[in-house]
**Student:** 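Structure incoming, see below.
Convention: sequence-line order gives letters A, B, ...; per-chain numbering from 1.
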Number of protein chains: 2
Amino acid sequence: MQIVKKRATLKTQVYDYLKESIIMGGLKPGERLIEEKISEELQVSRSPIREAIRMLEKDGLLLVNSSGGVTVVEPSIQDFQHLYECRVEMEPLAAFYAAERRTQEQIELIRINLLQIGKILETNDIKKVHDANVNFHETIISASANPFLVSMISHLRGVNSFYRKSIIEENPLHIEHAMHDHQQIFQAIVHQEPEKARQLMKAHIESDYIQFMKLSSKSRED
Amino acid sequence: MQIVKKRATLKTQVYDYLKESIIMGGLKPGERLIEEKISEELQVSRSPIREAIRMLEKDGLLLVNSSGGVTVVEPSIQDFQHLYECRVEMEPLAAFYAAERRTQEQIELIRINLLQIGKILETNDIKKVHDANVNFHETIISASANPFLVSMISHLRGVNSFYRKSIIEENPLHIEHAMHDHQQIFQAIVHQEPEKARQLMKAHIESDYIQFMKLSSKSRED
DNA sequence: TAGAGATAAATTGTATACAGTCGACGAAAT
DNA sequence: ATTTCGTCGACTGTATACAATTTATCTCTA
């Protein structure tokens, strides 16, 4: 383990900053990024900025149009459908391997996470509940101990976060329901029941998807 | 559809060149890339090279070590195992959606591809057989009409190609077997039987995996 | 007024210069 | 001989300058 943190390079910092901005909504879908503007804003030359942009492009968060300009992606309903078609297979797969390979520490991490969610629920702090939920999923994914799976799912979840800010997670009923799912998935992982973990996770993601489709069709009626 | 090809920028050309070199083996696993060297070799400044490197890094083909230098990834047997754990779920998923969504043109593409393989087989040109096989898979993946699936699988297949150059595909029995699988998968897609296509593809990839594991364990004994 | 060119402004693409960092090599000290 | 510092060379990181393109603006014409 490295004790002294490696000095972060500018390109890394710019990358993190832009990614955060996109996911948190500071940069809106469809918005164009101007290298010079970012350069002024962050007091950094264009070189590291351009490298960060190339990375975000590969992450699927930025889109280059034919004439070189880059814009924040604008996921369509169709995109979300495609996203879920992937998530609904891959996260259960991660749960499967997590059940096989999880370490004792990882079990503890999840246990603590679940306890936290319980407490946070009482405070009604939606943002924190959401973060804790994301944390639950990420811990399981990383417990799958498959780097490809980890990277692909985090890619999906990155794009996914465009809608995560929306109302879905604020639906109290949905949260209760999710909590219950999480508990069950946790048990399957603790007891090393891969197939069960997979199926529970699949049902969980599917219910998330249905929830999303309901809300998005409702918002289109408005 | 854009008729006139967008003038390729240098960063794109460098990216393509390096990617090709890595996949084709001109750049060997573990080999370090020196920006200045590439710059001289291609007569291009370091700026576009650096951008290309950032992209290849995200593709999982290059690895940055802690002190900044980049090297070509050296996939371990474990990596291939992880790779297959993903492929064995995702390519069948692609076959599933391909069976649902394939267009008439795509069916024709696959049909032609299968005919070609038949002819090429007689000539014993291993390289061409291999290319045609890759083509078969790629057509199906793109027929799934899910951009996330397409991008993730092509990512996997990119890394996968490190071993594709090996003997596996040169095993004549394996080729015959693969041909048979391909025919069946094609039929399922033509008749729009998603679940059947999925299962056939799964069996197909699994047999590929078993083949690979056999060969790799054999080569370790040598 | 709409449209076609012609300019100018904005923005990206590429090259180059220079600063900072890491590692190898070697000399001095023990 | 081994260790410890320097020092030098090789690279990478970042800034800046300039070229090439694209986009906006303006003017002229029909």
Side-chain angles (χ1 to χ4, degrees), chain A residues 1-19 21-22 26-74, chain B residues 1-19 21-22 26-74:
Chain A
M1 178 72 101
Q2 199 160 348
I3 305 294
V4 184
K5 228 179 277 181
K6 189 186 66 177
R7 193 184 66 84
T9 61
L10 286 185
K11 70 165 180 289
T12 308
Q13 294 181 61
V14 172
Y15 171 79
D16 289 341
Y17 169 79
L18 290 177
K19 188 167 183 175
S21 298
I22 294 169
L27 290 168
K28 304 242 181 301
E31 185 171 345
R32 180 167 177 188
L33 272 69
I34 308 294
E35 294 171 9
E36 191 65 35
K37 294 271 168 58
I38 302 168
S39 166
E40 266 174 47
E41 187 183 338
L42 304 183
Q43 290 297 309
V44 159
S45 83
R46 280 174 53 217
S47 311
I49 293 174
R50 285 180 65 83
E51 295 184 38
I53 287 176
R54 294 292 88 79
M55 294 193 282
L56 290 162
E57 189 187 322
K58 280 284 175 187
D59 282 347
L61 292 178
L62 293 181
L63 195 69
V64 293
N65 63 45
S66 50
S67 60
V70 299
T71 56
V72 179
V73 290
E74 300 181 83
Chain B
M1 176 79 96
Q2 198 159 347
I3 306 294
V4 184
K5 228 178 277 183
K6 186 184 67 175
R7 191 185 71 84
T9 61
L10 286 185
K11 70 165 179 288
T12 309
Q13 294 181 60
V14 172
Y15 171 80
D16 289 342
Y17 169 79
L18 290 177
K19 187 167 183 176
S21 298
I22 293 168
L27 291 168
K28 306 243 179 299
E31 186 171 345
R32 179 165 176 190
L33 273 69
I34 308 294
E35 294 170 8
E36 191 67 34
K37 293 274 167 57
I38 301 169
S39 167
E40 266 175 47
E41 187 184 337
L42 304 183
Q43 291 296 309
V44 159
S45 83
R46 280 174 54 215
S47 311
I49 293 175
R50 286 180 64 83
E51 295 184 39
I53 287 177
R54 295 291 88 79
M55 294 194 280
L56 290 162
E57 192 186 321
K58 280 284 175 189
D59 282 347
L61 293 177
L62 293 181
L63 195 70
V64 292
N65 64 46
S66 50
S67 61
V70 298
T71 56
V72 179
V73 290
E74 301 180 83

**Student:** How long is the line joining CD of B/E36 and P of C/dA15, in whole Å?
**Tutor:**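 Atom CD in B/E36 sits about 12 Å away from atom P in C/dA15.
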
**Student:** Can you measure A/Q43 atom CD to D/dA15 atom P for me and round it to whole angstrom units?
**Tutor:**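 Distance, rounded to whole Å: 10 Å.
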
**Student:** Given C/dT11, D/dA15, D/dT12, identify the nucleotide with an atom nearest to the side chain of A/I34.
**Tutor:**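 Comparing C/dT11, D/dA15, D/dT12 against the side chain of A/I34, the answer is C/dT11.
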
**Student:** Out of C/dG23, D/dG13, C/dA15, which nucleotide sits closest to the side chain of B/S47?
**Tutor:**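 Taking heavy atoms from C-beta onward, the closest nucleotide is C/dA15.
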
**Student:** Would you call B/E40-B/K37 a salt bridge at under 4.0 Å N-O?
**Tutor:**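 The answer is no: the pair does not qualify as a salt bridge.
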
**Student:** Working to the nearest 0.5 angstrom, can you tell me the gap between A/R54 CZ and A/Y15 OH?
**Tutor:**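 Those atoms lie 13.5 Å apart.
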
**Student:** Using the side-chain heavy atoms of B/S45, tell me which of these nucleotides is nearest: C/dT11, D/dA15, C/dA15.
**Tutor:**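 Closest nucleotide to the B/S45 side chain: C/dA15.
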
**Student:** To the nearest Å, give me how far apart CG (B/L10) and P (D/dA19) are.
**Tutor:**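 Spelled out: CG on B/L10 to P on D/dA19 is 16 Å.
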
**Student:** Can any side-chain N or O of A/N65 pair as donor or acceptor with the backbone N or O of A/S67 at less than 3.5 Å?
**Tutor:**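 A pair under 3.5 Å: yes.
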
**Student:** If I take atom CD1 in residue A/I53 and atom P in nucleotide C/dT12, what distance separates them, rounded to the nearest angstrom?
**Tutor:**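 Taking atom P of C/dT12 as the reference, CD1 of A/I53 is at 7 Å.
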
**Student:** Measure CE/B/M55 against P/C/dG13 and give the value in whole Å, please.
**Tutor:**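 From B/M55 CE to C/dG13 P: 11 Å.
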
**Student:** Choosing from D/dT14, C/dG13, C/dT11, which nucleotide comes nearest the side chain of A/T9?
**Tutor:**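 Closest nucleotide among those given: D/dT14.
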
**Student:** Could you state the atom-to-atom distance from CZ of A/R54 to P of C/dT12 in whole Å?
**Tutor:**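 The distance from CZ of A/R54 to P of C/dT12 comes to 10 Å, rounded to the nearest Å.
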
**Student:** Quick one: is A/R32 getting a side-chain N or O under 4.0 Å of the C/dA10 phosphate, OP1 or OP2?
**Tutor:**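 It does not, given that no N or O in the side chain of A/R32 lies less than 4.0 Å from OP1 or OP2 of C/dA10.
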
**Student:** Considering only side-chain heavy atoms of A/K37, which listed nucleotide, D/dA15, C/dT11, C/dT12, is closest?
**Tutor:**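 Minimum distance to the A/K37 side chain belongs to C/dT11.
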
**Student:** Does A/K11 place a side-chain N or O at less than 4.0 Å from the phosphate oxygens OP1/OP2 of D/dT14?
**Tutor:**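 So the side chain of A/K11 is outside the cut-off, no N or O lying under 4.0 Å from OP1 or OP2 of D/dT14.
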
**Student:** Where the side chain of A/P48 is concerned, which of D/dT14, C/dT14, D/dT12 is the nearest nucleotide?
**Tutor:**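 Given the options D/dT14, C/dT14, D/dT12, the side chain of A/P48 is closest to D/dT14.
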
**Student:** Let me know the distance between CD of B/E35 and C1' of C/dC18, rounded to the nearest Å.
**Tutor:**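 Interatomic distance, CD of B/E35 to C1' of C/dC18: 15 Å.
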
**Student:** Is the backbone N or O of B/L27 less than 3.5 Å from a side-chain atom of B/S21, with the two atoms forming a donor-acceptor pair by type?
**Tutor:**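 Side chain of B/S21 to backbone of B/L27, a donor-acceptor pair under 3.5 Å: no, none is there.
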
**Student:** Using 4.0 Å as the upper bound for N to carboxylate O, is an ion pair formed by A/K28 and A/E31?
**Tutor:**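 Looking at A/K28 together with A/E31, the answer is no, because their closest N to O distance does not fall below 4.0 Å.
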
**Student:** For D/dG13, take OP1 and OP2 only and decide whether either is under 4.0 Å from a side-chain N or O of B/R50.
**Tutor:**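 True: B/R50 side-chain N/O within range (under 4.0 Å) of D/dG13 OP1/OP2.
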
**Student:** Nearest whole Å is fine: how far is D/dT12 P from A/E51 CD?
**Tutor:**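 Nearest whole value for this atom pair: 12 Å.
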
